[in-house]
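Comments concern the structure below.
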2 protein chains.
Amino acid sequence: MKALRRGEAWSGAAGGQAGHEEPTRREELLRTAVDLFARYGYTGTSIRDIANAAGMSVSNIYHYFGNKEGLWLAILEYSINGLPDRLNAVWQSDLDPVERFRLLVKTHLSASKSHQKETRMFFIDQGEVSHRGNSRNKAIQTQILDIYVQAMDELRAAGYVHTREVKILAFNVLGVISWYLRWYRADGRLPAEKVHEEIANFVLHGVLGPAE
Amino acid sequence: MKALRRGEAWSGAAGGQAGHEEPTRREELLRTAVDLFARYGYTGTSIRDIANAAGMSVSNIYHYFGNKEGLWLAILEYSINGLPDRLNAVWQSDLDPVERFRLLVKTHLSASKSHQKETRMFFIDQGEVSHRGNSRNKAIQTQILDIYVQAMDELRAAGYVHTREVKILAFNVLGVISWYLRWYRADGRLPAEKVHEEIANFVLHGVLGPAE
DNA sequence: CAGTTTATCGAACGATCGCTCTATAATCGT
DNA sequence: ACGATTATAGAGCGATCGTTCGATAAACTG
């Protein structure tokens with residue numbers, strides 16, 4: 001039986017918001033890997049880069065994650081794995097259709113921002129990581145797209161959308177959000193809340209089209 | 001003096017729309033490299049991958065392009081190097097402000113689509129390619145962003161835009177376009193013209209906000 | 001405390017990386 | 001036709017890649 005050790009335990013995986021304990025070596029590796037993967041991509045980051053930046057031996061990566069792809073998947077696990085469910089929950093709530101869609105976008109924005117590097121890292125990936133990792137990534141992105149397509153369909157059925165090409169609308173929304181993850185810097189002039197507000201407005205007007 | 005040989009000559013670089021001559025080996029390399037770079041990224045594609053896929057020796061890459069980065073830069077050269085100027089020219093024309101902005105977006109879309117893989121390849125790049133190549137790429141992206149910021153500013157001065165955060169609007173537009181390059185497939189249901197129309201509508205409504 | 005499991009390191013392996021070198025065709029200018 | 005330049009191939013170099021292995025230290029289990 002695996003006993004709990006040090007700061008690991010039941011708390012998330014790399015978040016470490018339980019108390020102010022020092023991070024596990026495993027968490028330290030995840031943190032470092034996210035940083036490098038998001039900056040240089042999967043193939044652009046070597047196992048040694050990660051280990052050196054984290055100040056330990058490469059063997060630890062194989063001890064904790066099996067191999068490079070396992071490390072990639074572990075990051076996917078704790079960061080965006082649950083995103084589709086969160087978005088679906090928002091869309092199942094019983095609000096006014098338009099305000100519900102606005103909430104959907106804002107939830108997506110703030111959830112992505114809370115794992116900004118991770119989300120960007122998976123959005124940017126193109127198929128550099130080997131088959132299993134890549135297909136899992138693609139599957140999540142497809143799930144998210146489907147949520148938006150469904151949302152657009154319902155909005156259209158309710159008469160809010162004036163185009164038949166709802167899938168293009170869904171793609172556009174994903175494009176705006178994924179790009180936001182690339183340009184947003186936490187030390188910028190505006191607070192994230194305000195930025196999300198602006199982006200949500202843009203998306204809403206783009207989707208709803210000319211008011212009547 | 002370097003004389004002209006075979007199919008090369010004054011015709012573009014990799015396009016080869018002059019006659020139906022067989023492509024130069026240099027063009028063949030560019031074509032293959034674009035395909036692989038766009039699929040697997042810069043670090044994810046090796047010199048040997050490219051040479052093998054093109055059916056020739058690695059030496060040719062060094063003969064024609066000096067090194068791997070030179071190949072990357074040669075692609076940038078013929079594909080998106082002139083994009084900022086083209087967009088600027090559109091924006092300097094004397095049309096109705098709103099229709100001029102619509103034309104700007106549609107020009108951007110069709111110009112990017114005519115070099116879809118190349119544009120996607122540069123949009124996706126994060127800094128895997130070494131310093132010179134990356135900074136040139138970043139510079140072009142910044143130029144394009146600035147064009148949109150300027151366009152938004154003028155639209156706002158003319159009373160068409162209802163937010164002060166024009167830079168966020170500009171980012172949103174870039175996000176939509178760069179994402180379009182990732183999802184669009186030429187063999188899809190809709191013709192490109194129709195897709196561009198839809199995207200331009202989305203962007204216009206997003207930028208102009210609620211009609212009054 | 002003894003024995004097992006976990007954590008960590010450093011060395012090493014074969015494969016592949018970007019790149020250079022040398023040799024040989026092919027094509028050019030004159 | 002002939003020397004010079006260009007085009008292409010293939011072998012090979014040092015570096016780095018992902019990964020494995022054996023050793024050792026630390027921690028847990030009974």
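Letters go in sequence order (proteins before strands), and every chain restarts at 1.
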Are [X] and [N] close enough that a side-chain N or O sits under 4.0 Å from OP1 or OP2?
X       : N     : value
B:Tyr64 : D:dT6 : no
A:Arg25 : C:dA7 : no
B:His63 : D:dA7 : yes

>> For B:Arg189, give me all partners under salt bridge (Lys or Arg N to Asp or Glu O under 4.0 Å), at least two apart in sequence or on another chain.
In response: A:Glu165

> How many angstroms lie between CG in B:Leu109 and CD in B:Gln116, if you round to the nearest 0.5 Å?
Replying inline: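 Result: 11.0 Å between the selected atoms.
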
> What's the spacing between A:Leu36 CG and A:Arg31 CZ if we round to 0.5 Å?
Replying inline: 10.0 Å

> Side-chain contact, heavy-atom cut-off 4.5 Å: A:Phe65 with A:Leu29?
Replying inline: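 A:Phe65 vs A:Leu29: side chains touch.
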
> When the distance from NZ of A:Lys68 to C1' of C:dT16 is rounded to whole Å, what number comes out?
Replying inline: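 Those two atoms, NZ and C1', are 13 Å apart.
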
> What is the distance, rounded to the nearest whole Å, between atom CZ of A:Phe65 and atom P of C:dA7?
Replying inline: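 From A:Phe65 CZ to C:dA7 P: 11 Å.
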
> When you measure from every atom of DNA chain C, which of residues 37-52 of chain B have a heavy atom less than 4.0 Å away?
Replying inline: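 Per residue number, the list reads B:Thr45, B:Ser46, B:Ile47, B:Arg48.
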
> Among residues 55-62 of chain B, which contact DNA chain C at a heavy-atom distance under 4.0 Å?
Replying inline: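 Per residue number, the list reads B:Val58, B:Tyr62.
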
> According to the interplanar angle, ranging from 0 to 90°, do the rings of B:Tyr180 and B:Trp183 count as parallel (below 30°), tilted (30 to 60°) or perpendicular (above 60°)?
Replying inline: perpendicular

> Is the side chain of A:Asn52 donor-acceptor paired with the backbone N or O of A:Arg48 at a distance under 3.5 Å, no angle test?
Replying inline: yes

> Any side-chain donor-acceptor pair under 3.5 Å between A:Asn60 and A:Arg26?
Replying inline: no

> Can you check whether B:Trp179 and A:Phe171 have ring centres sitting under 6.0 Å from each other?
Replying inline: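 No.
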
